[in-house]
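Take a look at the structure set out below.
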Amino acid sequence: EKEATDSETYTFIGWSNDATTLTKDEVFHAQFESADRLYTYIFLDEEGNEIKKVEAKAGSAIEYPNDLSKESNAQYDYVFKGWNHNDETLWSNITFEPVFEEVIKQYTYKFVTEEGTVLKEETVNYGTMPIAPTNVTKEGYVFIGWDKNISKVIENVTYVAQFEKYTLTLEGKKLSILGDSISTFY
């Protein structure tokens with residue numbers, strides 16, 4: 001038996017001399033046939049599906065596929081960083097898996113008046129809780145809140161200030177203040 005090397009295997013094919021009739025002392029040498037050692041390398045996608053499989057001779061250059069992409073979701077974009085191995089030459093069976101970097105997505109939230117004036121605008125990471133502006137005012141009106149509940153940012157979002165007309169009741173009379181104008185109702 002002849003031991004295989006990194007690049008070749010050997011198969012016994014017989015002896016050096018014909019041993020059918022021996023008439024004297026003879027030395028027999030084992031005869032071997034060599035063959036290239038073959039290895040397989042496999043590239044998988046992020047879900048473990050095979051995208052490339054190659055059987056090649058030991059010492060062959062590994063041919064990498066094009067960069068992969070991974071579909072973004074609401075929270076993350078994915079950037080292909082390479083493979084879990086960086087071998088250039090094939091010396092064993094090997095499976096390559098992609099490596100992706102998660103990049104948290106950013107979204108913008110805005111707080112605006114009914115007229116569209118921006119009171120506050122900020123770009124933040126996915127899942128951040130917006131901070132509403134304070135002292136929201138409109139002359140002659142009372143601020144009553146926002147058009148929707150404030151919740152963690154998972155997309156671009158705009159909150160619109162909601163107001164009610166300010167009304168004051170005085171000794172059975174209604175007084176309406178709007179800007180510089182005051183009206184009394186009986």
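This structure is a prediction, so every number in the text was calculated from the model and none was measured. Numbers for residues simply follow the sequence, beginning at 1.
- Criterion: ILVMFWY side-chain heavy atoms under 4.5 Å apart, direct or through other members. Under it, I51 and Y64 are part of a common hydrophobic cluster.
- For K52 (side chain) and E63 (main-chain N/O), a donor-acceptor pair under 3.5 Å exists by modelled atom type.
- Judged purely by atom type and a 3.5 angstrom limit, D45 uses its side chain to pair as donor or acceptor with the backbone of E47.
- When only modelled atom types and interatomic distance are considered, Y141 and E139 share no side-chain donor-acceptor pair under 3.5 Å.
- Nearest heavy-atom pair, Y107 versus A74, reported as atom, atom and distance to 0.1 Å: OH-O, 2.7 Å.
- One finds the CD1 atom of I150 at 10.0 Å from the NZ atom of K148 (value rounded to the nearest 0.5 Å).
- A distance of 11.5 Å separates CZ in R37 from CG in L90, rounded to the nearest 0.5 Å.
- Cluster annotation: F100 is connected to I104 through the hydrophobic network of ILVMFWY side chains, with a link wherever side-chain heavy atoms come within less than 4.5 Å.
- You'll find the side chain of S60 stays beyond 4.5 Å of the side chain of Y39, heavy atoms only.
- Note that CD of E114 and CZ of F163 are 6.5 Å apart. Values are rounded to the nearest 0.5 Å.
- Around CD1 of I131, the count of heavy atoms belonging to other residues, nucleotides or ligands within 6.0 Å does not exceed 12.
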Report task. Could you check E115 against K138 for salt bridge (Lys or Arg N to Asp or Glu O under 4.0 Å), going step by step and ending with a plain yes or no? Result -> CA-CA 11 Å; E115 295 78 26; K138 181 177 177 182; 3.3 Å; yes
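- Once rounded to the nearest 0.5 Å, the distance linking OH of Y78 with OG of S72 reads 7.5 Å.
- The distance from atom CD1 of I42 to atom OG1 of T95, rounded to the nearest 0.5 Å, is 4.5 Å.
- Residues S151 and P130 come closest through the heavy atom pair O-CD, 3.1 Å.
- Hydrophobic clustering places I154 together with V157 (ILVMFWY residues linked when any side-chain heavy atoms are closer than 4.5 Å, directly or through intermediates).
- Distance check, rounded to the nearest 0.5 Å: NZ of K53 to CD of E55 gives 8.5 Å.
- What you find for V27 and H29 is that their closest heavy atoms are CG1-NE2, 3.6 Å.
- When ring centroids are compared, Y126 and Y76 stay outside the 6.0 Å threshold.
- Ion pairing between a basic and an acidic side chain is recognised when a charged N comes within 4.0 Å of a carboxylate O; K70 and E102 show no such pairing.
- Of the candidates N125, D77, T128, Q106 forms a side chain to side chain donor-acceptor pair (under 3.5 Å) with just one, namely N125.
- Not a single donor-acceptor pair under 3.5 Å links the side chain of K165 to the backbone N or O of V142.
- The main-chain N or O of T108 is found under 3.5 Å from a side-chain atom of N156 such that the two form a donor-acceptor pair.
- Proximity of F80 to S69: side-chain heavy atoms (C-beta onward) are nowhere separated by under 4.5 Å.
- Of all heavy-atom pairs between N149 and Y159, the closest is O-CE2, 3.5 Å.
- Proximity of the aromatic rings of F111 and Y109 is defined here by a centroid distance below 6.0 angstrom, and this criterion is met.
- Annotation for E50: atom CD counts as buried by contact number, over 12 foreign heavy atoms lying within 6.0 Å.
- You'll find the side chain of V99 stays beyond 4.5 Å of the side chain of W83, heavy atoms only.
- Taking the six-membered ring where the residue is Trp, F96 and Y41 present perpendicular rings, their angle passing 60° and hence far from 30°.
- Residues V112 and T158 have side chains in contact (heavy-atom distance under 4.5 Å, counting atoms from C-beta outward).
- In this structure, V160 is a member of the same hydrophobic cluster as V118, with clusters built from ILVMFWY side-chain heavy atoms closer than 4.5 Å.
- In this structure, the side chains of T113 and L119 come closer than 4.5 Å at one or more pairs of heavy atoms.
- With a 6.0 Å radius and a threshold of 12 heavy atoms from other residues, nucleotides or ligands, E71 has its CD atom at or below the threshold.
- In terms of modelled atom types and a separation under 3.5 Å, the side chain of N84 and the main chain of E97 share a donor-acceptor contact.
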Report task. Assess whether side chain to side chain contact (heavy atoms under 4.5 Å, CB included) is satisfied between T89 and I62, documenting all intermediate values. Result -> CA-CA 6 Å; T89 308; I62 296 173; 5.9 Å; no
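- Under the 4.5 Å side-chain criterion, counting only non-hydrogen atoms from C-beta, W146 is not in contact with Q162.
- Of all the heavy atoms in A161 and F143, the pair that sits closest is CB-CE1, 3.9 Å.
- The shortest heavy-atom contact between F12 and A30 is CE1-CB, 3.8 Å.
- The local environment of CG in N49 is crowded, with over 12 non-hydrogen atoms from other residues, nucleotides or ligands closer than 6.0 Å.
- For K152, the NZ atom counts as loosely surrounded, since its 6.0 Å shell holds 12 or fewer non-hydrogen atoms of other residues, nucleotides or ligands.
- Ion pairing of K110 with E122 is absent here, as no side-chain N (NZ or NE/NH1/NH2) approaches a carboxylate O to less than 4.0 Å.
- Not a single donor-acceptor pair under 3.5 Å links the side chain of K2 to the backbone N or O of T9.
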